[in-house]
Structure formats: structure tokens, C-alpha cells
Protein chains: 2
Amino acid sequence: MARSKEFDMNLVLHKAMEVFGHYGYEGTSLPILLEGLGIARQSLYDTYGTKKDLFIKAVKHYVNEKSSAVVVYLEKSESVKEAIHAIFREIVFVLQDEDRRKECFILYSAIDQVPHEPEIAALFEEDRNRLERAFYEALVRAKHNQELSTDQDLQALARYLYHSRYTLTQVAKLTNDPKVLEEITTVTLSMLEA
Amino acid sequence: MARSKEFDMNLVLHKAMEVFGHYGYEGTSLPILLEGLGIARQSLYDTYGTKKDLFIKAVKHYVNEKSSAVVVYLEKSESVKEAIHAIFREIVFVLQDEDRRKECFILYSAIDQVPHEPEIAALFEEDRNRLERAFYEALVRAKHNQELSTDQDLQALARYLYHSRYTLTQVAKLTNDPKVLEEITTVTLSMLEA
DNA sequence: CCATTTTCGGACTAATTAGTCTAGAATGTC
DNA sequence: GACATTCTAGACTAATTAGTCCGAAAATGG
């Protein structure tokens, strides 16, 4: 028999998120990428394919992981409002952590590639459909429960929530003040109290 | 005497916004940039300096131009609410126009460079201070006029408005549907009716 | 110990990068 | 028409780019 694979796929993908998030897709050179991943050049090509392949893998992993958690929250929670608050609390919390925030910025780099990489564009279209539906259904449920009393268009509100979550990483790029993220989130979610 | 300058600085800067906005700063190669600008290589270096110099000039021009208009709106308008609506209507309108939207995306590329280019970071810090103050003072005025009846923290609301305007370009990157921008803006500004 | 596979490191290529230089054509003022 | 300046086009450099190839070291299970 032979030597067994020793790369932890998950770990490497998370490191890739950090590197791509920090330098952007085009801004990440092979040497920088390899140093960030801690593996040799040949190992990258053997195991993950080209730089673009790895980028797409990392983006898919990030988006799917986060979005799945959001869907679970929305579907399982007793209180829809509390679920939504928890979802935003989570992303704000991560963005406030000096270390954990790093990988979030791959989202920004990924959106940057939407016009140039059809696979990335398709990924976000699917993600948007999935999450907008999840938000919408949760909002409908909350309305029926009388948990929600707003008379807003729930479809529009769902879209608003979907994009608001993602735009927090842009806000985080513009300021390091953790308070700002909280303030903005507070205002954003006050929408649910109308 | 001699031949006179023939480049229209404004025109070239706007073309630069479109190119950098489309390809991103790192994604824009010299050949692509020159073709987009419609000038020769040497003319670029003679007139605008390096690629980075031109990028920074274009970003500054874009941000200052747009933000100055916002400040004017906020200071001169009779109705603060109407001014804010007009400000958002304007950006949504531009983002809906197939041609005019192109240059808006330099904002996205610029924010991408905030962690790497101190001059860009300083520009946004100044811009944020200026606009948050302008929004805040307008909101205070509206509150005194009884035009605004919300009991939100006006400082937080000002920050929210500042970032909401900028995040619209991220939304525009994710979808071409012009209706989405309107919907999201409607929800965003419904905040003022609380 | 052996066979197999993984990993590594460095050499290598071909293309592309930003930026400089040069020579000449175009343009405007006197 | 003479002169100063701008603009262009292309050659050129030195560095960097992504990706391939090769040989040896390391590790694993039989």
C-alpha cells in the first residue's frame, strides 16, 4: 500500500479563503497563495487543480456552509425574529474577531468575480434564490403567527435581508470599529418592528 | 509656442472609472487600460503618472464628485426626507442605466484596495466623516422640524444611510434586475417612516 | 524490507506584467 | 515657415506570472 493523503481539505480551503479574501483573486500570486496554504506548488496542482479551481472551490465551500446554517436557523427556530437576529449576530460576531473575520472577505472577492466567472455567477444566483425563498417563507410564517406586524412587501423584505447580510462585509472593509457593525445591524433589523 | 494639451481630463478619468470598475485594479492590465482610455502608453505616463496614480485620481474624482452632490442635496433641500429619497433615487437611476452604471463599479474596486492603499483608506475615512456628519445634521434638523418622528439613534441612522448608499453597487453586481434596486431602496428608506 | 503513493523543492517555460526610451508625426503659436 | 510641444507607435527591459516537469525524500501498509 501507499502513503495516505495528508492534506486536510477543510483546513486548506479555509486558509485559501483567508488568502483570497485578503489579496483578492487577481491580487493573489502563486507564491503568496502557496505560503498562505503551507503546501508545495506541485501539491496544489495535484490536489486542487489550478489557482482558479481552488478559488471556486473555496468560494463554494464558504457560501454553501454559511447559507446552509442560515437556512437551518430560519427553518428550525421557534421565533422567526429571533432567528434573523441570531443570523446577523453571528456574522457581526465573526467580523468583529480579528482572526475569524479574515475568511469572510472571500465573499467580497467572489462578488468581484461575478461578471467574469460564470461559475461564480451561477453559484450566487442559486444562493440568492435559496436564501430569498428561505427568508420569505420565514417571514410569511411570522406574519401568520402575528409575530410580525409589518405591512411591507415580504418579498422585498426578504431580498433586503439577503443583501443586507452580505453587504456587512463591505462595511467591515471600510471600518475596523466593531461598534459600527452592531449599530448598522440594529438599524437594519429595526425594520422588523415596523 | 507649442501644441496645446488635447486630453479632456474629465473624460479620461471617467473612462478610467469604467475600465477599473469593470476589471478591478489588479485585473486591469496596461493594454486593456490604454485601449479603454483611447490614448497611447507614453501619454498615460506623461499626463497621469503610473497606473496606480491614475487609479487613485479616478477614485478621488468619483467619490468627491458624488459625495459633494449628496452634501449639497442635504444642505439645500427644504425637506430632508425628500433630499434623502432624491439621493437614493439618483444612484439607483444611474445603476439602472446600462452605460452610466459602468463607472459606479470603481467604488467597489476602490473599497477593495482600502486595506492595501493608505491613500484610498484615508480618502474613505474623510468621505465617511464628511457624509455621516451631513446625514446626521440633516436628520437632526428633520427631527426638530417634526418632519421625522423616529426615536432611533440618529448617529446610527446616519451611518446606516451612508453605508446603504454604497452597498447598492454591491447589490448591482449581484443582479441586473433593476427592480431589485428599487425594492431594496424602498425597504431601506422605509426606516425614515418609523 | 518492499512497493506504492504523497509531498516537496527547484528548475524551467512561455507569456504577461509595468514602466522606460526613442524617433517621428501631428498640432498649434509666433 | 520655424519652433515648441504633444501625441503616437513600437522596441525594449527586467521582473513576475501561472503552470509543467523531474527527481528525491518521506511516509505508509504489507
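Values below: all heavy atoms of this structure, side chains included; hydrogens, waters and symmetry mates excluded. As the structure is a computational prediction, the values presented were derived from the model and not from experiment. In what follows, every chain begins at residue 1, and chains take the letters A, B, ... in the order their sequences are listed.
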Between atom [atom1] in [X] and atom [atom2] in [N], what is the gap in whole Å?
X     : N      : atom1 : atom2 : result
A/L37 : C/dT7  : CG    : P     : 13 Å
B/L44 : D/dT6  : CG    : C1'   : 15 Å
A/I39 : C/dG10 : CD1   : P     : 16 Å
A/Y48 : D/dG19 : OH    : P     : 16 Å

Over its full length, what angle do the end axes of the helix from C/dC1-D/dG30 to C/dC30-D/dG1 make, each axis taken from five pairs and the result rounded to 10 degrees?
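It comes to 20° between the two terminal axes.
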Ion pair present between [X] and [Y], side-chain N to carboxylate O less than 4.0 angstrom?
X      : Y      : answer
A/R141 : A/E75  : no
B/R89  : B/E82  : yes
A/E193 : A/K81  : yes
A/K60  : A/E119 : yes

Strictly under 4.0 angstrom, non-hydrogen atoms only: write out the protein contact profile of nucleotides 14-24 of chain C, one letter per nucleotide from the 5' end, B, S or -.
---SBBBB---
Within 45° of the axis and under 6.0 Å from the centre of the six-membered ring of B/Y25, does NZ or CZ of B/K51 qualify?
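Judged by the rule, B/K51 and B/Y25 form a cation-pi pair.
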Across the strands shown, which category fits A/D46 at heavy-atom distances under 4.0 angstrom: base, sugar-phosphate, nothing?
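Base contact.
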Is the count of non-hydrogen atoms from other residues, nucleotides or ligands lying under 6.0 Å from B/E65 atom CD greater than 12?
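More than 12 within 6.0 Å, yes.
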Donor-acceptor contact present, side-chain A/S77 to main-chain A/V80, <3.5 Å
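No, A/S77 side chain to A/V80 backbone: no donor-acceptor pair under 3.5 Å.
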With a 6.0 Å cut-off on ring centres, are A/F135 and A/Y160 close enough?
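Ring-ring flag for A/F135/A/Y160: false, centres at least 6.0 Å apart.
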